[in-house]
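Predicted model, so just to flag it, every value in this text is computed and none were measured. Heavy-atom basis, side chains included; hydrogens, waters and symmetry copies ignored.
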Amino acid sequence: MAIQFSSEERSWLDQVALAAKELGLETYLVGGFVRDKLLDRSTKDADFVCVGDALALAQLVANSLKPRPPVSLFKTFGTAHILWKGEWDLEFVGARRESYQSDSRKPTVTPGTIEDDQLRRDLTINALAVSLASDRFGELVDPFNGLKDLKDKILRTPLPPEQTFSDDPLRMMRTIRFATQLGFKIEEGTWKGICAQADRIRIISQERITEELNKILLADTPSVGLDLLYRSGLLERIFPQLVSLRVAEYIDGHGHKDNFYHTLQVLDNLSRNTNDLWLRWAAVLHDIAKPQTKRFEQGHGWTFHGHEVVGGRMVPKIFTQLKLPLNEHMRFVRKLVELHLRPISLTKENITDSAIRRLLFDAGDDFDSLMLLCEADITSKNKQKVNRYLSNFQLVRERCREVEEKDQIRNWQPPITGEIIMQTFGLSPSKPVGIIKDSLKDAMLDGVIPNTYEAAFEFMLEKGKELGLTPVSSGGK
Ligand code: ATP
Ligand code: MG
């Protein structure tokens with residue numbers, strides 16, 4: 001079987017084939033590029049393996065392609081990289097044979113044949129190679145029946161699974177990630193290998209684990225991966241807080257829902273409407289504090305009071321533990337976890353404009369994300385119930401739109417700043433400044449005063465008077 005390439009792909013492939021011929025190097029295109037090509041998935045990362053000096057090959061390819069920036073040669077690793085036309089990542093490496101020690105995923109590497117190189121790959125579908133030799137250009141080299149596994153949608157290791165996963169436990173995460181991204185089944189022996197080696201994940205750096213976790217979360221149906229991680233025993237090692245949601249308790253015949261599978265369903269629901277990784281993380285974490293806040297109240301059943309607040313506090317800890325960035329993404333996730341019950345409380349009758357303004361003010365630019373999360377949080381099996389909740393949320397959205405049009409709360413900045421308050425009353429930074437600021441905000445959100453400078457200034461003067469303050473200047477009015 002021979003693979004067909006587009007003319008754009010031929011523009012660099014032909015140069016690699018030509019250089020390989022000139023140097024007399026047996027050269028192949030391998031791994032993810034071949035897999036994705038056969039699956040008709042678009043891909044821009046191409047890995048070349050040659051039996052011999054990959055640096056010489058890359059240098060010769062660069063001489064004809066003249067890439068900008070110039071070729072990068074990594075002499076210590078024997079690898080090279082060319083970024084071609086700003087979009088194609090061409091990686092060059094010599095065929096290698098690997099042997100592993102038990103305490104590290106860094107193998108001892110020696111030069112090898114193409115078969116050696118294919119054997120060290122994680123899955124048969126990732127071990128496919130395409131020859132670039134002029135007499136067999138495009139021919140598939142497939143010693144482990146990877147093509148058949150690709151057609152049957154099967155993930156299987158080329159070597160005995162226990163060895164493959166023990167050598168490099170990151171491959172367990174990769175296998176589950178591919179099962180999630182591609183919708184492939186993990187072959188039984190391979191699955192048993194993952195379950196048996198799950199504990200080995202401890203030798204993998206958190207960054208690499210989290211990279212795979214993020215790829216799982218970005219798949220169309222992320223629940224597939226989280227469920228596989230759970231059932232293999234990996235999840236309790238890499239993210240125990242999520243596994244704690246699994247425990248359901250019964251008292252007096254009252255159970256509560258399984259919050260682990262509920263969370264997975266929320267995540268899938270949400271993933272139909274957004275590709276935003278951080279919003280998806282908010283779904284993963286929205287109920288994370290339910291185990292800590294769970295109480296059984298006689299006559300009431302199970303309650304989880306305050307789980308949004310405790311959950312919000314857990315976000316920075318979990319981000320630190322998973323080595324996720326502690327920046328505005330973390331603050332966004334925390335905010336959504338903290339606010340995720342607020343829109344529900346607005347679906348009751350007789351909701352005041354003031355309550356709507358407060359939600360708009362607190363959610364700000366993240367209002368739409370919050371509503372997506374809340375809508376995804378409806379996981380009842382009862383269709384009628386779901387539709388009723390959804391139409392309630394539709395009403396909340398409409399009310400919010402009306403109030404926002406009228407009052408423009410979302411990005412509201414108080415027209416009277418602390419500076420102005422201090423100038424007006426001749427104060428230095430002190431408690432009364434904060435009191436006046438807060439009461440101004442409340443007056444505005446409660447609709448006591450309109451959202452204008454003049455109204456706020458008048459209000460400030462009155463509030464000052466109440467506090468026994470006298471204006472010393474007009475405050476730059
Ligand atoms: P993606 O690019 O979507 O992450 P990929 O399979 O292309 O998936 P890369 O990291 O680009 O992953 O690696 C390219 C190839 O290198 C893989 O297809 C596989 O053959 C091999 N490979 C990568 N990581 C490993 C690993 N941990 N163990 C064995 N082989 C690996
Ligand atoms: Mg790749």
Side-chain angles (χ1 to χ4, degrees), residues 289 293 305-317 326-328 330-371 396 399-477:
T293 54
H305 291 309
H307 75 271
E308 73 283 15
V309 181
V310 180
R313 281 205 290 271
M314 287 170 74
V315 171
K317 290 182 197 149
L326 299 172
N327 57 12
E328 74 273 13
M330 189 272 285
R331 289 190 289 278
F332 166 80
V333 173
R334 177 174 188 164
K335 179 171 164 185
L336 262 75
V337 171
E338 282 173 348
L339 293 179
H340 83 272
L341 297 177
R342 291 275 294 279
I344 300 178
S345 66
L346 297 186
T347 57
K348 317 258 156 54
E349 278 180 23
N350 303 325
I351 295 304
T352 58
D353 276 10
S354 159
I356 298 270
R357 280 194 211 99
R358 282 186 185 276
L359 177 65
L360 284 167
F361 176 75
D362 289 338
D365 276 341
D366 301 320
F367 174 79
D368 294 312
S369 299
L370 178 64
M371 290 309 290
V396 172
R399 279 291 295 283
C400 287
R401 204 174 302 127
E402 285 164 19
V403 171
E404 175 61 19
E405 253 173 43
K406 201 155 49 98
D407 299 342
Q408 272 120 44
I409 304 293
R410 265 163 92 150
N411 288 309
W412 185 70
Q413 296 291 336
I416 298 292
T417 60
E419 276 296 309
I420 299 177
I421 299 170
M422 288 190 282
Q423 262 183 38
T424 309
F425 297 106
L427 295 169
S428 48
S430 54
K431 210 167 164 195
V433 183
I435 295 176
I436 295 178
K437 258 176 88 173
D438 283 348
S439 57
L440 258 169
K441 184 187 101 184
D442 287 338
M444 219 294 286
L445 292 175
D446 290 339
V448 175
I449 56 166
N451 186 10
T452 62
Y453 181 89
E454 285 72 22
F457 195 86
E458 282 308 314
F459 185 90
M460 168 194 70
L461 291 178
E462 261 179 47
K463 193 74 203 168
K465 212 160 128 197
E466 268 175 44
L467 294 172
L469 302 169
T470 342
V472 293
S473 87
S474 63
K477 194 177 170 183

Notebook entry, point to check: Which salt bridge (charged side-chain N to carboxylate O under 4.0 Å, His left out) pairs, counting each pair once, include a residue from residues 332-341, with sequence neighbours left out?
Noted result: Arg334-Glu338, Lys335-Asp366

Working to the nearest 0.5 Å, report the span between [atom1] of [X] and [atom2] of [Y].
{"X": "Phe425", "Y": "Leu461", "atom1": "CZ", "atom2": "CG", "value": "5.5 Å"}
{"X": "Tyr453", "Y": "Met460", "atom1": "OH", "atom2": "CE", "value": "6.5 Å"}
{"X": "Leu339", "Y": "Ser369", "atom1": "CG", "atom2": "OG", "value": "11.5 Å"}

If I compare all heavy atoms of [X] with all of [Y], which pair ends up nearest, and what's the gap?
{"X": "Pro343", "Y": "Leu359", "result": "CG-CD2, 4.2 Å"}
{"X": "Ile416", "Y": "Ala456", "result": "CG1-CB, 3.5 Å"}
{"X": "Val337", "Y": "Gly311", "result": "CG1-C, 3.7 Å"}
{"X": "Leu346", "Y": "Ala355", "result": "CD2-CB, 3.8 Å"}

Next item on the list: With sequence neighbours left out, write down each residue that passes salt bridge (charged side-chain N to carboxylate O under 4.0 Å, His left out) with Glu308, or none if nothing qualifies.
Entry: none

Next item on the list: Return the set of residues passing salt bridge (charged side-chain N to carboxylate O under 4.0 Å, His left out) with Arg410 (not counting sequence neighbours), or none when no residue passes.
Entry: Asp368

Check: Given Arg399 and Asp353, is the salt bridge (charged side-chain N to carboxylate O under 4.0 Å, His left out) satisfied, shown in steps?
Finding: CA-CA 8 Å; Arg399 279 291 295 283; Asp353 276 10; 3.0 Å; yes

With [X], which residues qualify under side-chain contact (heavy atoms from CB on, under 4.5 Å), at least two apart?
{"X": "Thr452", "value": "Pro450, Glu454, Ala455"}
{"X": "Asp365", "value": "Asn411"}
{"X": "Leu326", "value": "Phe319, Thr320, Met330"}

Next item on the list: Sequence neighbours left out, what passes ring-ring contact (aromatic ring centres under 6.0 Å, His included) with Phe361? Give chain and number order.
Entry: Trp412

Next item on the list: List for me each residue that meets ring-ring contact (aromatic ring centres under 6.0 Å, His included) alongside His307, sequence neighbours excluded, and say none if there are none.
Entry: His340

Without placing hydrogens or testing angles, list every side-chain donor-acceptor pair under 3.5 Å for residues 433-445, not counting sequence neighbours.
residue, atom, partner, partner atom, Å
Ser439, OG, Ile435, O, 3.1
Ser439, OG, Ile436, O, 3.1
Asp442, OD1, Arg358, NH2, 3.1

Margin query: Would the distance check show the side chain of Arg342 and the main-chain N or O of Leu370 forming a donor-acceptor pair, the cut-off being under 3.5 Å?
Written below: no

Next item on the list: Would you mind reporting whether Glu404 and Ile409 have side-chain heavy atoms less than 4.5 Å apart?
Entry: yes

Distance-only criterion, 3.5 Å: show the donor-acceptor pairs between side-chain atoms of residues 462-469 and protein atoms not counting sequence neighbours.
residue, atom, partner, partner atom, Å
Lys463, NZ, Glu466, OE1, 3.2

Next item on the list: State which residues pass side-chain hydrogen bond (donor to acceptor under 3.5 Å, both in side chains) with Thr352; sequence neighbours excluded, sorted by chain then number.
Entry: none

